[in-house]
Amino acid sequence: MVNLSASTARLSASIADAFSLRLTFVLFLSVVVITLFTALLTAPQRDEISEFYLGNRDMSPLRNGLAMCGDYLSAATLLGSTGLVALTGYDGLLYLGGTVVAWMMVLLLIAEPLRNSGKFTLGDTLARRLPLQQRPVRLALAICTLTVCTLYLVAQLVGSIALMTQFVGEPGPTTRTMIVITIGSIVTIYAAIGGMPGATFIQVVKAVMLVAGVSVVAVMVLNRFDWNIDSLLSSATEGSGLGTQYLEPGLRYGAGPISKIDFLSLQLAIVLGLAALPHVMMRLLAPRKTRVLRASVVWAVGLVGFVCLAAGVLGLGATAVVGRETISDIDHKGDAAVLLLAHELGGEILTAIVSALAFVTLLAVAAGLTLAAASSLAHDFYGEVIRKGRAKETEELGVARIAAVAMGVLGMMFALLAWGTNTATLAFLAFAIAASAILPTIVYSLFWRGFTARGALLSLYGGLLSSVLLVVFSPVVSSTPDSVYPNADFAWFPLQNPGIVSIPAGFLLGWLGSLLSPPQEETVYQDFEVRALIGADQR
Amino acid sequence: MNQRLIGHLTLGLLLGLAQFAVMGVTAGLYVRHMRKNFDPIARRLRAQLDDDRAAEQRRAPGRVPAGRRFRTW
């Protein structure tokens with residue numbers, strides 16, 4: 001018994017040994033070197049902003065779909081969701097289902113009209129829809145985009161520290177600073193120099209690696225159970241030590257009505273927030289033809305669905321092979337589940353491959369976010385609000401590159417300040433803000449004739465403020481041992497996720513603001529509608 | 001939800017899997033619908049728009065764009 005607990009203690013200090021860590025480092029470095037060189041080679045040369053913002057517009061649907069999938073699936077999906085499945089069984093699987101549904105919304109509602117009516121950023125769509133007051137609307141949109149991107153970027157960088165913790169135990173201040181600055185600088189170089197072509201390349205590489213990686217591990221898990229799903233399920237039930245409860249709803253979100261509403265709120269934010277995430281939206285604008293865009297999003301749906309199914313298998317496999325107890329001993333959130341599973345199935349080499357994959361995943365998502373924030377700052381804020389549309393292309397391009405650097409530095413600073421924060425909380429807040437501030441504006445401007453600039457401003461600022469304030473007064477910030485200020489108690493809002501209140505609030509404010517302002521000229525909406533439906537710019 | 005169907009497969013798990021299938025079918029139906037009913041109309045309207053623009057150009061051949069007509073010197 002003593003022997004067992006001693007070995008568990010050693011395991012919790014570091015999952016992998018020095019060999020594995022070194023191999024991870026080498027693998028990660030080689031991917032980074034290759035993608036960095038390609039980013040430099042494919043960087044926009046002719047100083048055209050279109051190339052910097054949208055990249056190669058004639059890519060095949062498969063490559064576009066891979067890039068979208070790469071932008072969306074973060075390290076949180078690879079480590080966090082599988083850990084959730086491993087620890088909470090059915091509830092974790094339910095959570096995975098939600099992340100895929102989000103893509104259906106993009107496919108059915110947003111993608112095609114947005115591409116047809118847009119140009120470089122969402123701000124261009126809004127400017128076409130609300131031409132008279134485009135500047136204040138663009139400013140509000142840039143602020144919301146910046147908030148969402150910063151939160152999500154910080155989540156990725158903090159995630160890199162959390163990932164390092166799996167190897168070397170709690171990292172000291174020097175290690176922390178070094179990791180964040182290394183990852184942050186690589187991300188900044190991709191975004192500032194490579195622009196969209198560079199970011200696309202790393203997304204595609206990462207998506208291919210991710211899909212290949214999870215399928216290899218999933219096949220190994222299934223092979224271990226002789227391709228018998230039932231025996232996998234029964235071993236997982238056994239390994240969980242919870243009996244049949246493991247495959248029944250309620251382990252995580254069944255504690256009471258508040259907990260159930262919280263889960264609903266989280267799922268709402270995830271399903272609705274995806275369509276409004278700036279870095280995903282930027283991908284939707286890239287294809288030149290609507291037909292190509294549709295095929296790309298279908299590819300993305302398929303790939304994301306596949307990865308989520310495989311993640312379910314990995315989570316169940318981790319519990320079946322490693323055991324729930326061991327996983328939650330090492331990391332109570334379950335982030336170590338996949339790494340432990342890989343170690344059990346394929347030894348040090350597979351562990352190294354999976355952790356290198358997690359680092360690359362994190363890097364790629366962060367690059368996409370930095371680029372999205374930089375384009376919004378340069379195009380909407382600098383080009384249209386400060387210079388009022390008179391900026392030259394080269395000038396705007398320079399600002400975009402500077403903005404990418406500034407964004408990277410900002411992200412690194414926040415990540416170093418908030419390194420102890422829970423990655424998932426930050427990411428979910430970003431989703432909630434996107435769903436409650438940016439989504440109402442997109443939906444209204446695409447589909448509602450009576451939408452006005454005042455409605456846009458109210459829903460953008462209102463959705464942003466309501467979701468941020470609700471989180472500030474929630475258990476995330478105070479009153480529980482896990483919160484940022486555990487000793488204070490000003491949490492009058494009981495839910496961890498603000499979505500269920502702030503998303504309706506955003507839609508309501510947009511509707512109210514539009515009702516209270518004088519109606520817009522009819523012809524503007526008619527022109528916009530024709531454009532959004534048929535996409536007049538393509539042959 | 002917790003009713004066992006086959007072995008350890010419960011109704012809840014089956015519904016979760018069915019969700020993936022429903023999504024696949026929905027995506028397929030959507031693509032088919034758009035290709036059959038929507039794209040031809042969009043293409044026709046786009047062609048019409050192009051024709052209108054071309055006709056406008058023909059009606060006023062050689063006209064100097066309004067901005068350039070009166071040049072100050």
Side-chain angles (χ1 to χ4, degrees), chain A residues 89-98 100-109 111-112 116 228-238 244-250 289-291 293-295 297-302 304-306 308-309 312 316 530-539, chain B residues 1-61 63 65-72:
Chain A
Y90 186 82
D91 284 8
L93 291 171
L94 205 63
Y95 166 82
L96 275 179
V100 196
V101 176
W103 275 97
M104 290 311 284
M105 235 220 29
V106 175
L107 174 69
L108 299 180
L109 267 186
E112 293 178 36
N116 288 341
N228 184 348
I229 303 285
D230 191 48
S231 99
L232 170 65
L233 286 176
S234 72
S235 307
T237 316
E238 224 165 85
T244 48
Q245 217 190 334
Y246 184 68
L247 293 178
E248 288 168 7
K289 289 196 162 67
T290 316
R291 189 161 43 78
L293 172 70
R294 194 181 302 152
V297 180
V298 170
W299 268 113
V301 170
V304 171
F306 173 76
C308 282
L309 274 179
L316 290 175
V530 168
R531 216 187 159 90
L533 279 177
I534 68 176
D537 60 334
Q538 52 193 328
R539 288 288 111 82
Chain B
M1 272 303 182
N2 301 328
Q3 188 163 9
R4 295 275 188 94
L5 298 176
I6 316 156
H8 283 81
L9 192 71
T10 60
L11 183 64
L13 286 175
L14 192 74
L15 283 178
L17 276 179
Q19 184 200 326
F20 282 84
V22 167
M23 272 178 34
V25 171
T26 314
L29 284 179
Y30 171 76
V31 169
R32 210 183 63 177
H33 167 77
M34 292 302 269
R35 200 176 288 156
K36 223 169 82 184
N37 302 328
F38 184 86
D39 284 353
I41 299 174
R43 213 175 300 129
R44 202 175 61 229
L45 285 174
R46 217 178 292 144
Q48 211 173 336
L49 207 66
D50 284 349
D51 279 355
D52 286 355
R53 267 189 213 140
E56 219 161 90
Q57 289 264 308
R58 245 178 283 125
R59 224 174 295 134
R63 253 179 78 178
R68 292 227 192 126
R69 241 176 298 168
F70 305 104
R71 255 185 146 168
T72 47

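Naming: A, B, ... by sequence-line order, numbering from 1 per chain. Here the structure is a predicted model, which means the values were calculated and not measured.
For B:I41, no part lies near chain A; criterion is any non-hydrogen pair under 4.5 Å. With a threshold of 4.5 angstrom between heavy atoms, A:T237 approaches chain B through side-chain atoms but not through N, CA, C or O. For a residue to count as touching a neighbouring chain, one of its non-hydrogen atoms must lie under 4.5 Å from one of that chain's; by this rule A:V100 touches chain B with backbone and side chain alike. Interface remark: A:L107 contributes backbone and side-chain atoms alike to the contact with chain B (heavy atom separation under 4.5 Å). Using a 4.5 Å cut-off between heavy atoms, A:V297 does not touch chain B at all.
In this structure, NE2 on B:H8 lies 13.5 Å from CD1 on A:I229, to the nearest 0.5 angstrom. B:L13 CG to A:L233 CG: the interatomic distance, rounded to the nearest 0.5 Å, is 6.5 Å. Atoms CD1 and CG, on A:I534 and B:D39 in that order, are 12.0 Å from each other to the nearest 0.5 Å.
Scanning both residues, A:M104 and B:A27, for their nearest heavy atoms gives CE-N, 3.8 Å.
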For this session: Could you check B:Y30 against A:R294 for side chain to side chain contact (heavy atoms under 4.5 Å, CB included), going step by step and ending with a plain yes or no?
Result: CA-CA 10 Å; B:Y30 171 76; A:R294 194 181 302 152; 4.2 Å; yes

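The residue among A:L94, A:L93, A:V101, A:L96 with the most heavy atom pairs within less than 4.5 Å of chain B is A:V101.
Within a 6.0 Å radius of CD in B:Q19, other residues, nucleotides and ligands contribute more than 12 heavy atoms.
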